[in-house]
Amino acid sequence: MLFTLYCLVPSYWARNRSKKIIRTGSPLNKEVALTFDDGPNPEYTPRLLDILKEYQVPASFFCLGRQAALYPDIIKRIAREGHIIGCHSYSHRHAWLMPPFYTMRDIKRTYETITRITGNPPKWYRPPWGHFNAVSIYAAKRLNLNIALWSVEARDWALDTTPEYIYNIVIDKCDKGSIIVLHDNRGTSGAPVKALRALPYIISSLHEKGYKFVTLDRMKEALNA
Ligand SMILES: [Zn+2]
């Protein structure tokens, strides 16, 4: 019963019912958002930033507080190059395994770590695996964090995934307002390389189809317009 109230109900509500939690942008605009979870990573994130710079595409990064503390210069570069930095928890613990006090502390610690490095408080939160508990939703609200999930994922973290698979899934599923999630850290060994290989093709193909890449800030603005 407690598990249902603390974990299942908040997760179900957030993922399916809440009108405030963003899962897609406006279906009227030919805009998509690229989001990257779990970083920063000293090997992959700079390469990812190089690609985004080359194609002049903005993205939104859901960073781990632990990684941010280890690699503050990469966090600064993400911010400097005009991308959004959001909180993705401190050390990627599942919301269903975290007691209330720990949940609050985990989100706050991530928020404070990012704020300390960039000088700006983050405005976005996405929990690991898109799972919530009752306190994580409350904590995000108290810290004025907008919550964003995603609508397109391509199993880029999995062992058997190839860059071609990632490309095909993203291009196949992308629609107006899609929020694409990829990863620049964690997953199976070397997994982010596959997303990095697919990314230039994904960007070029979506550009050719007339899509514009936007940050989650812009997507939220368009939803409220
Ligand atoms: Zn994650």
Side-chain angles (χ1 to χ4, degrees), residues 1-25 33-41 59-69 84-114 121-161 166 169-170 173 177-188 191-192 195 216 219-220 223:
M1 181 65 181
L2 200 59
F3 179 74
T4 305
L5 286 176
Y6 184 64
C7 301
L8 295 181
V9 170
S11 272
Y12 175 80
W13 176 81
R15 291 162 75 119
N16 301 289
R17 296 279 163 174
S18 166
K19 292 208 163 48
K20 286 223 166 133
I21 292 174
I22 294 176
R23 302 168 207 94
T24 60
L34 277 172
T35 66
F36 296 93
D37 286 8
D38 298 356
N41 174 295
S60 306
F61 288 77
F62 286 94
C63 296
L64 295 177
R66 186 187 57 195
Q67 294 299 106
I84 300 275
I85 300 173
C87 302
H88 189 53
S89 82
Y90 200 81
S91 49
H92 216 274
R93 277 189 69 181
H94 198 295
W96 294 1
L97 302 175
M98 288 197 291
F101 175 74
Y102 191 98
T103 304
M104 193 77 204
R105 199 179 60 180
D106 179 88
I107 297 176
K108 210 161 165 241
R109 201 173 166 203
T110 312
Y111 176 92
E112 285 168 354
T113 303
I114 293 170
K123 290 189 287 179
W124 291 89
Y125 172 63
R126 171 186 286 163
W129 298 284
H131 281 298
F132 298 82
N133 65 40
V135 173
S136 61
I137 296 176
Y138 169 75
K141 203 173 164 198
R142 268 203 56 182
L143 294 168
N144 278 325
L145 294 166
N146 302 293
I147 299 175
L149 293 173
W150 60 87
S151 57
V152 176
E153 70 103 10
R155 298 182 73 254
D156 59 318
W157 40 265
L159 190 63
D160 59 346
T161 303
I166 295 170
I169 290 283
V170 171
K173 286 195 195 162
S178 284
I179 299 176
I180 304 160
V181 62
L182 295 167
H183 298 79
D184 57 333
N185 189 36
R186 296 182 87 251
T188 48
L216 289 175
M219 238 178 202
K220 183 169 170 265
L223 274 174

Subject >> Heavy-atom closest contact (L216 atom, A148 atom, distance) >> reply: CD1-CB, 3.8 Å
Subject >> Residue pairs passing the side chain to side chain donor-acceptor pair (under 3.5 Å) test where at least one lies in residues 143-157, sequence neighbours excluded >> reply: R155-D160, D156-H183
Original post:
Listed by chain and number, what are the ring-ring contact (aromatic ring centres under 6.0 Å, His included) partners of F3, not counting sequence neighbours?
Top reply: W96
Original post:
Would a distance-only check, ignoring hydrogens and angles, find a side-chain to backbone donor-acceptor pair under 3.5 Å from T188 to A191?
Top reply: no
Original post:
Under the 3.5 angstrom rule, does the side chain of T35 hit a backbone N or O of F61 as a donor-acceptor pair?
Top reply: no
**OP:** Specify the closest pair of heavy atoms between S178 and M219, including all atoms of both residues, with the distance to one decimal.
**Re:** O-CE, 3.4 Å
**OP:** Go through the structure and list residues passing ring-ring contact (aromatic ring centres under 6.0 Å, His included) with F132, not counting sequence neighbours.
**Re:** none
**OP:** To the nearest 0.5 Å, tell me how far H131 NE2 sits from M98 CE.
**Re:** 12.5 Å
Original post:
Would you say K173 has more than 12 foreign heavy atoms packed within less than 6.0 Å of its NZ?
Top reply: yes
Original post:
Which distance, rounded to the nearest 0.5 Å, do you find between the CH2 of W124 and the CZ of F62?
Top reply: 7.0 Å
Original post:
Do the side chain of R186 and the main chain of D38 share a donor and acceptor less than 3.5 angstrom apart?
Top reply: no
**OP:** Evaluate the side-chain proximity of I166 to T161: yes if any heavy-atom separation is below 4.5 Å, no if none is.
**Re:** yes
Subject >> Nearest-0.5 Å distance, CG of residue D37 to NE2 of residue H88 >> reply: 4.0 Å
**OP:** Using distance alone, with no hydrogens and no angle criterion, decide if N133 and Y6 have a side-chain donor and acceptor under 3.5 Å apart.
**Re:** yes
Subject >> Separation of C87 SG from K123 NZ (nearest 0.5 Å) >> reply: 12.5 Å
Original post:
Distance-only, no hydrogens or angles: does the N16 side chain make a donor-acceptor pair with backbone N or O of Y12 under 3.5 Å?
Top reply: yes
Original post:
With sequence neighbours excluded, what pairs up with R105 under the side-chain hydrogen bond (donor to acceptor under 3.5 Å, both in side chains) test?
Top reply: none
**OP:** Using atom types as modelled and distance alone, determine if a side-chain donor or acceptor of Q67 lies under 3.5 Å from a backbone N or O of G39.
**Re:** no
**OP:** Please name all residues satisfying ring-ring contact (aromatic ring centres under 6.0 Å, His included) with Y125, sequence neighbours left out, ordered by chain then number.
**Re:** none
Original post:
Are the side chain of R93 and the backbone of L97 linked by a donor-acceptor contact shorter than 3.5 Å?
Top reply: yes
Original post:
Which pair of heavy atoms, one from Y90 and one from T110, lies closest together, and at what distance?
Top reply: N-OG1, 3.0 Å
Original post:
In this structure, are over 12 heavy atoms from other groups packed under 6.0 Å from R15 atom CZ?
Top reply: yes
Subject >> Close side-chain approach of P127 and S136, heavy atoms under 4.5 Å >> reply: no
Original post:
Under the criterion side chain to side chain contact (heavy atoms under 4.5 Å, CB included), which of T4, V135, I137 is the partner of P10?
Top reply: I137
Subject >> Euclidean distance, L64 CG relative to S89 OG, rounded to 0.5 Å >> reply: 5.0 Å
Original post:
Distance-only, no hydrogens or angles: does the R109 side chain make a donor-acceptor pair with backbone N or O of G65 under 3.5 Å?
Top reply: no
Subject >> Smallest separation among heavy atoms of A14 and L149, with atom names >> reply: O-CD1, 4.1 Å
Subject >> 4.5 Å side-chain heavy-atom contact, R66 and T113 >> reply: no
**OP:** Kindly give the heavy-atom pair with the smallest separation between I179 and I22, and that separation in Å.
**Re:** CD1-CG2, 3.8 Å
Subject >> Heavy-atom pair of closest approach, residues R23 and S18 >> reply: NH2-O, 2.6 Å
Original post:
Taking only residues two or more places apart in sequence, or in another chain, which ones meet N41 in a side-chain hydrogen bond (donor to acceptor under 3.5 Å, both in side chains)?
Top reply: N185
